[in-house]
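What you see is a predicted model; the values in this text were computed from it and never measured. Letters A, B, ... are given to chains in the order of the sequence lines, protein chains preceding strands, and every chain is numbered from 1.
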2 protein chains.
Amino acid sequence: MVDERKREQVFTEDGQHLDEETLFVVSQIFKALSDPTRIRILNLLCTGEHSVNAIAETLNLSQSSVSHQLRFLKNLRLVKYRREGRTLYYSEDDDHVMNLLKQAIEHALHH
Amino acid sequence: MVDERKREQVFTEDGQHLDEETLFVVSQIFKALSDPTRIRILNLLCTGEHSVNAIAETLNLSQSSVSHQLRFLKNLRLVKYRREGRTLYYSEDDDHVMNLLKQAIEHALHH
DNA sequence: TATATATATGAGCATGTGTTCATGTATTGA
DNA sequence: TCAATACATGAACACATGCTCATATATATA
């Protein structure tokens, strides 16, 4: 039997109270990682920067779809880009989130 | 400038080729963590097992909503339950995924 | 057996999401 | 300036998602 008294909203190591903003940020991070296309793009960017067309060709996706997803990832500051002429080279921009992705991939592969 | 030759599908530490199933599993894990209600439920279960009604009352959610989400989490084997009379006590069932959640929460809090 | 309690489930609905298609914008080179 | 290249953007559509409401199921107790 468990103690069912309402927990006080103290901050403990786990099960701490989550304010609205934290809840939103956490859900956004995971939402970004919850789509197969975005996972493939981020996984590819693990190997270094790539142009939009390179991503589309390598992953066999439409240029438009890749561009839309890159905008999504850019808004969350998970990727960044650098311009060289007409070409934009995208690369990762959040070590911590990339780490979460790598952990989940490792977990899924070794099961 | 980056080497744009198509990557061979060798397995390297990062950026490895992701087969369909792995991709699906990874996306499902993150999808489970991408909803505020499920995050709150899992975060509460960090503190120990809770009945369905206790979860609903503590988090101020409807019984139906909690029950639906618990079914979702149970299908992914992220939670389990034990029966005691009419009451079902739910608890976490995947240390690794709970760890991903805790990391993301810590990351979001200290920013 | 009848009633109450705890939870599960299905339908329906509003909203969110990811894609394609068409087109717009920016940069380069002739 | 004109055409070509690389990428971005908006609309529209199909589909997924999470909630509520009503109801079903399972267990305990009188």
Side chain of [X], backbone of [Y]: donor and acceptor closer than 3.5 Å?
{"X": "S65(A)", "Y": "L61(A)", "answer": "no"}
{"X": "S67(B)", "Y": "Q63(B)", "answer": "no"}
{"X": "S34(A)", "Y": "K31(A)", "answer": "yes"}
{"X": "T47(A)", "Y": "L44(A)", "answer": "yes"}
{"X": "S27(A)", "Y": "F24(A)", "answer": "yes"}

> Can you give the dot-bracket line for DNA chain D, where a pair is Watson-Crick or G-U wobble with both atom distances under 3.5 Å, crossing pairs use [ ], and | marks a partner on another strand?
Replying inline: ||||||||||||||||||||||||||||||
>> Contact list please: residues 35-42 of chain A against DNA chain C, heavy atoms, distance less than 4.0 Å, in numerical order.
In response: D35(A), T37(A), R38(A)
What is the distance from atom [atom1] of [X] to atom [atom2] of [Y], rounded to the nearest 0.5 Å?
{"X": "N53(A)", "Y": "T87(A)", "atom1": "CG", "atom2": "OG1", "value": "8.0 Å"}
{"X": "Q69(B)", "Y": "K74(B)", "atom1": "CD", "atom2": "NZ", "value": "15.5 Å"}
{"X": "T22(A)", "Y": "E106(B)", "atom1": "OG1", "atom2": "CD", "value": "10.0 Å"}

>> I'd like the 5' and 3' limits of the part of DNA chain C contacted by chain A, with heavy-atom contacts below 4.0 Å.
In response: dT17(C) to dT28(C)
>> Counting only heavy atoms not in Y81(B) (residues, nucleotides, ligands), do more than 12 fall under 6.0 Å from its OH?
In response: no
Within the structure provided, determine whether [X] and [Y] are in side-chain contact (heavy-atom separation under 4.5 Å).
{"X": "R38(B)", "Y": "F72(B)", "answer": "yes"}
{"X": "P36(A)", "Y": "L23(B)", "answer": "yes"}
{"X": "H96(B)", "Y": "M98(B)", "answer": "no"}

> Hey, can you pull the residues of residues 20-32 of chain B with a non-hydrogen atom under 4.0 angstrom from DNA chain D?
Replying inline: K31(B)
> Can you list every pair that meets salt bridge (charged side-chain N to carboxylate O under 4.0 Å, His left out) and has a residue in residues 86-100 of chain B, with sequence neighbours left out?
Replying inline: K80(B)-D93(B)
> Just checking, R83(A) and Y89(A): is the charged tip under 6.0 Å from the six-membered ring centre and within 45° of the axis?
Replying inline: no
>> Looking only at the side chains, is there a donor atom on one of H107(B) and Q103(B) sitting less than 3.5 Å from an acceptor on the other?
In response: no
>> For a quick check, with a 4.0 angstrom heavy-atom cut-off, what is the B/S/- contact string for nucleotides 6-11 of chain D, read 5' to 3'?
In response: SBBBB-
